[in-house]
Amino acid sequence: MSVADRCALFTGASGSRTKEFEESGVRSICMTDGPNGIRGDVADCGTGHTKSLCYPSACLLACSFDRDILNTVGYYLGLDARSRGVDLVLGPAINLKRYPLCGRNFEYYSEDPCLTGELAGAFVAGIQRTTGACVKHFAVNNRENKRMSLNCIVDRCTLQETYLSSFARIVKKYRPDAIMTSYNKINGEYAGENRYSLKKVLRRDWQYDGLVISDWGAVNNIVDSIRCGLDLEMPVNDSNTEILKKSVYSGEFPEEELNAHTADLLRRLDGICGRRKDVRFDQEEAYNKLADIVAECSVLLKNEGKILPLKGKKRIGVFGELAIKPRIQGGGCANVQAYGAEDVFTAVRLRFQHCECEFSLGFAEGKNGKQAEKLVSDALAVAQNSDVCIVAMGLPESLESEGYDRKSLKVPGRQIRFLKALYQVNKNIVVMLYNGGMVCLDFEKYAKAVVECYLGGSATGAAAAKILSGDVPPAGRLAETAVRKAEDFSCCPYVAENPDVEIYGEGLFVGYKFYNSRNMKVIYPFGYGLHYGEVKYSEVEITDKKIRIHLVNTSDYDVKETVQIYVNFLDCSYARPGAELKEFRKVLVPKGGERYVEIALNSDCFEVYDYNTDSMTDYSGKAEISVRKNAREIIASRLLTIPGEKRKHYDRNTLIGELLKTPEGIEIIENKLKQYLIKAILGNFNADYLSMKNGRAIGHERFNSMMENMPLRALVNLSSGAFSNEMLNEVLEHLRESDAHG
């Protein structure tokens, strides 16, 4: 291939295809959004366009806490894509829900990196059974306002433990075919040319050898991007091809370097093409399966008097615009023309044919004044003659979309006003909530039951009928904390409405990790969810990173219980949250039956950031392991000591207090450093002035405090040279040898 052709490879051929050079054996791949279904641009793959199944959004799927469910949905999506000629699905999107008002939170999984990484990884594995998956957006894309230019300032510990952690799990366990970079800057450099996150962490530390694609239009400097590990700029951009050619001809980007990057790109594209095979996709089968999945993922938040499931009801009133115009997906690039999107009222009426089902609007967007009053009065008349009132509430699609953030946590006021009016005439109210991001649930006091349904895709209506009837009981758990007000967010002090720079000042304290650390009241904690039945934890045994649990179902319903394992690192050298989710299992416990569950915690559960090496490392020391029903409700816990090599990093700036943690260090303080410490702190060389025990001066707390916080190099500076650099190096060598030999 000529230099011009090789340079042309690094940008797309269109909005969804890469370039093809038939004479050189270079095949084109077709890619399309996204995680919710196959978009209309699939026509570019040569198969024409038909409506797609709209798959459940990640905000709902994450509530499953179930890897098998994510693998199944991913499999159907991959099969769907492959049957249409798609080589690469642009999804899943796995950025954390740091900011609950982010307009794209419907496309993200959770506020927790462990849950996000494990579930999205299973989704990737499902897709890649038939076609390629592209994980996005790498990284720190936690807002939509100014997302194309926002400079996110994040310390490296927070970056590695929180915002890169879910990517790391997926890359290391599931090897996705592709990763898409985000638009924003990370610590001053655009994500697509970021030397730290892209070149060091992704390519070097994680050894990722898959395709790295830019978000559409995100490339700032094409040469810098390629050198940092980007393979492909999307969409087509011939101007950057010209810039790349000029760089080669001028010697700025040597041809040898171009050849190496071209070889990598072609190998990665060829690997994606290698997945191609003939498949058959049964859309009806997938739809029926998804209806069960959507019902199971939904979260039962409240069920006063066990009003659900509906039994013995003769007259059912259904209310709300969302009951006849279902909210099934979020706005933006992931939006699809949906197949089979049955509305909630139709599905309920079909399922409860033995009942009298009546619909009344009650409220609607754009209806004000006398129109709105009549809607309410008509609905109240229906409610007075109903045994139970089903109210479909939530956020209109206009409030949630890629490209901009939400303004408020509140559900629109007209919905709340209607709910209050309804409550005055009939208190048997069930709220079905349809939203992409968390909303304030302070209206729950006006309902006996609340089901958080999120965005269920094409099967939304069918799933609602299954939930209400009990055919498929909801078994989801909240993947994000339900807070009382926007001011409660840990990121709130650092968020501006129209920012240029955003400082991630809350560090590791995101979501439940912040609320728990402050013992802050929330409406519902992370991991919370009820069942129609009841499961008891009969026995819990925690030994050596292994947990054994005996679950007993005392009810008349099969229950899928979510066991959650949290770890609190007690010997970490920097401030961090208390309990952190590290493992979870969804377990079916049959009605009147029991199950034993065994869970082993692997090394992934015990990784923490090491400031000295700027990398994740195995933790050793004391840790509290707890079994919980949610982030707040502890079933059992145990304190363990996690063994391992806890190598210390000793240098000129090591604090003398660090030496007090080992017998060898204490001996050095007492026998080699004492007189120089006295000179540095007290101004004289009288070694007999102080008596010491266990490395500390007896009866001189001020001396001890100053000593513990003094770096070793200060002894050279403050001893008038009596403690020399040579002596310091000898001490450091002795400390390192002692540590190496345990």
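All values derive from a computational prediction rather than experimental measurement. Residue numbers start at 1 and run along the sequence shown.
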Locate the shortest heavy-atom distance separating Ser298 from Cys453; write the atom from each residue and the value.
-> OG-CA, 4.0 Å
Please report the closest heavy-atom contact between Arg98 and Val510, naming both atoms and the distance.
-> CA-CG1, 4.0 Å
Between Asn142 and Tyr163, do the side chains contain an N or O donor and an N or O acceptor separated by less than 3.5 Å?
-> no
Salt bridge between Lys591 and Asp556, side-chain N to carboxylate O under 4.0 Å?
-> no
Would you call Glu365-Arg414 a salt bridge at under 4.0 Å N-O?
-> yes
Under 30°, 30 to 60°, or over 60°: which ring-plane class applies to Phe418 and Phe319, parallel, tilted or perpendicular?
-> tilted
So with a 6.0 Å cut-off around NZ of Lys172, is the heavy-atom count from everything else above 12?
-> yes
What distance do Glu321 atom CD and Asp343 atom CG have between them, rounded to the nearest 0.5 Å?
-> 12.0 Å
Are the charged groups of Arg585 and Glu583 less than 4.0 angstrom apart, N to O?
-> yes
Are any of the side-chain heavy atoms of Asp387 and Asn428 separated by less than 4.5 Å?
-> no
Heavy-atom closest pair (Phe514 atom, Ser490 atom, distance to 0.1 Å) is CG-CB, 3.2 Å
Assign the ring pair Phe359 / Phe345 to parallel, tilted or perpendicular, where the plane angle (0 to 90°) is split at 30° and 60°.
-> tilted
Does OH in Tyr75 sit with more than 12 non-hydrogen atoms of other residues, nucleotides or ligands closer than 6.0 Å?
-> no
Spacing of NZ belonging to Lys546 relative to CG belonging to Leu601, to within rounding of 0.5 Å | 10.5 Å
Glu356 atom CD, over 12 foreign heavy atoms within 6.0 Å = no
Over 60° means perpendicular and under 30° means parallel, so classify the ring planes of Tyr566 and Phe526, tilted if in between.
-> perpendicular
Taking NZ, NE, NH1 and NH2 as the nitrogens, is one of them in Lys173 or Asp604 under 4.0 Å from a carboxylate oxygen of the other?
-> yes
Worked check of side chain to side chain contact (heavy atoms under 4.5 Å, CB included) between Asn71 and Phe123 | CA-CA 5 Å; Asn71 189 273; Phe123 189 74; over 6 Å; no
Do the non-hydrogen side-chain atoms of Arg628 and Ile634 ever get within less than 4.5 Å of each other?
-> yes
Looking at Arg548 and Glu598, does any basic side-chain N land under 4.0 Å from a carboxylate oxygen?
-> yes
With side chains defined as the heavy atoms from C-beta onward, is the minimum distance between Phe509 and Arg518 less than 4.5 Å?
-> no
Within the side chain of Asn426, is there an N or O that forms a donor-acceptor pair under 3.5 Å with the backbone of Leu422?
-> no
Is it true that the side chains of Glu397 and Tyr434 contain a donor and an acceptor less than 3.5 Å apart?
-> no
What closest approach, in Å, do Leu101 and Ala486 show between heavy atoms, and which atom pair accounts for it?
-> CD1-CB, 4.5 Å
More than 12 heavy atoms from other groups under 6.0 Å of CG on Asp544 = no
Among Glu452, Lys302, Glu480, Glu444, find the residue that satisfies the side chain to side chain donor-acceptor pair (under 3.5 Å) test when tested with Tyr524.
-> Glu444
Would you call Leu308 and Val451 a side-chain contact if the rule is heavy atoms closer than 4.5 Å?
-> yes
Closest non-hydrogen atom pair, Val336 against Cys54 = CG2-CB, 3.7 Å
Compute whether any side-chain donor of one residue and acceptor of the other, for Glu561 and Tyr537, lie under 3.5 angstrom apart.
-> yes
Does the pair Tyr99 and Phe489 meet the rule for a side chain to side chain contact (heavy atoms under 4.5 Å, CB included), with working shown?
-> CA-CA 7 Å; Tyr99 181 46; Phe489 308 157; 4.2 Å; yes
If you round to the nearest 0.5 Å, how far is SG of Cys297 from CG of Asp66?
-> 7.5 Å
Is it the case that Tyr515 and Asp488 place a side-chain donor and acceptor less than 3.5 Å from each other?
-> no
Indicate yes or no: does Asp471 engage Arg351 in a salt bridge with an N to O separation below 4.0 Å.
-> yes
Tightest non-hydrogen contact, residues Ser57 and Asn36, listed as OG-ND2, 3.6 Å
Can you measure from CG (Leu361) to NZ (Lys325) and round to the nearest 0.5 angstrom?
-> 8.0 Å
Nearest-0.5 Å distance that lies between atom CD1 in Ile94 and atom OG in Ser110 = 11.5 Å
With Glu296, the salt bridge (charged side-chain N to carboxylate O under 4.0 Å, His left out) member among Lys289, Lys586, Lys466 = Lys586
Minimum side-chain heavy-atom gap Val439-Leu409 below 4.5 Å = no
Start with the C-alpha distance between Leu119 and Leu61, add both sets of side-chain angles, then the distance that settles side chain to side chain contact (heavy atoms under 4.5 Å, CB included), and finish with yes or no.
-> CA-CA 8 Å; Leu119 295 184; Leu61 290 174; over 6 Å; no
Stepwise side chain to side chain contact (heavy atoms under 4.5 Å, CB included) test for Leu290 and Val73 | CA-CA 8 Å; Leu290 289 175; Val73 176; 4.0 Å; yes
Answer yes if the side chains of Glu111 and Thr481 hold a donor-acceptor pair under 3.5 Å, and no otherwise.
-> yes
How many angstroms lie between OG1 in Thr130 and CD in Gln128, if you round to the nearest 0.5 Å?
-> 9.5 Å
How about Ile565 and Ser626: do any of their side-chain heavy atoms sit closer than 4.5 Å?
-> no
Taking the side chain as every heavy atom from C-beta outward, state whether Leu419 and Gln415 have any atom pair closer than 4.5 Å.
-> no
Please confirm whether Lys427 makes a cation-pi placement over Tyr423, using NZ or CZ under 6.0 Å from the six-membered ring centre and within 45° of the ring normal.
-> yes
SB check Arg169 Glu118 (cutoff 4.0 Å) = yes
Within-4.5 Å side-chain heavy-atom neighbours: Tyr532 and Asp558 = no
